[in-house]
Amino acid sequence: MRDRSAWRRILSAATDNWLSRGYLAVCAALLIWTVGDALFANDEGPSFAGVWPIFATLPTSLLVVLLVGGLGFLLPSAVTLPIFVILLAAVALINATLLGLLLRWARKSRSRP
């Protein structure tokens with residue numbers, strides 16, 4: 001039972017402050033826009049909509065770009081978009097957790113004399 005409480009405490013850092021929640025909201029909006037553009041845009045040329053979620057989740061998203069780029073040769077393009085979105089959502093959650101933990105650390109260090 002102790003393991004669950006430790007994970008909950010760490011992951012609660014992603015949602016218990018306004019900075020992390022705002023970051024997650026921006027990343028979710030960018031991912032929704034990317035999926036909408038990929039599914040419903042009728043333009044013939046390539047779209048750069050997928051670049052914005054990558055920029056928003058840097059530097060952790062560099063690993064996702066390398067992973068999905070490597071998988072792009074093995075998987076059909078219809079499978080690559082869901083994998084890309086799921087991995088970027090996980091990266092956004094990791095980044096929001098790190099932001100929350102950093103904010104907690106800053107509050108604790110500021111309150112100490």
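- Separating the CG atom in L103 from the NZ atom in K108 is a distance of 11.5 Å, to the nearest 0.5 Å.
- In terms of hydrophobic clustering, with Ile, Leu, Val, Met, Phe, Trp and Tyr side chains grouped at heavy-atom distances under 4.5 Å, W105 and L98 are assigned to different clusters.
- In the hydrophobic clustering of this structure, V26 groups with F48; members are Ile, Leu, Val, Met, Phe, Trp, Tyr whose side-chain heavy atoms approach within less than 4.5 Å, directly or through other members.
- Interatomic distance, I32 CD1 to D37 CG, rounded to the nearest 0.5 Å: 13.5 Å.
- You'll find the side chain of T57 reaches within 4.5 Å of the side chain of Y23, heavy atoms only.
- Between G100 and S20 the shortest heavy-atom distance is N-OG, 3.3 Å.
- Once rounded to the nearest 0.5 Å, the distance linking CG of L66 with OG of S61 reads 9.5 Å.
- A single hydrophobic cluster is not seen to contain both I86 and L24; linkage of ILVMFWY side chains at heavy-atom distances under 4.5 Å, directly or through other members, places them apart.
- Under a hydrophobic clustering in which Ile, Leu, Val, Met, Phe, Trp and Tyr are joined whenever their side-chain heavy atoms come within less than 4.5 Å, directly or via other members, L102 and W18 fall into different clusters.
- Shortest non-hydrogen contact noted between T97 and A14 is OG1-CB, 3.4 Å.
- In this structure, P53 and T34 approach most closely via the heavy-atom pair CG-OG1, 3.2 Å.
- Two residues are said to be in side-chain contact when any heavy atoms from C-beta on lie closer than 4.5 Å; N17 and R104 fail this criterion.
- Atom CG of residue L63 and atom CG of residue L87 lie 10.5 Å apart, to the nearest 0.5 angstrom.
- Within the model, atoms CG of L93 and OG1 of T60 stand 11.5 Å from one another, a figure rounded to the nearest 0.5 Å.
- With sequence neighbours excluded, the residues that form a side chain to side chain contact (heavy atoms under 4.5 Å, CB included) with A89 are L31.
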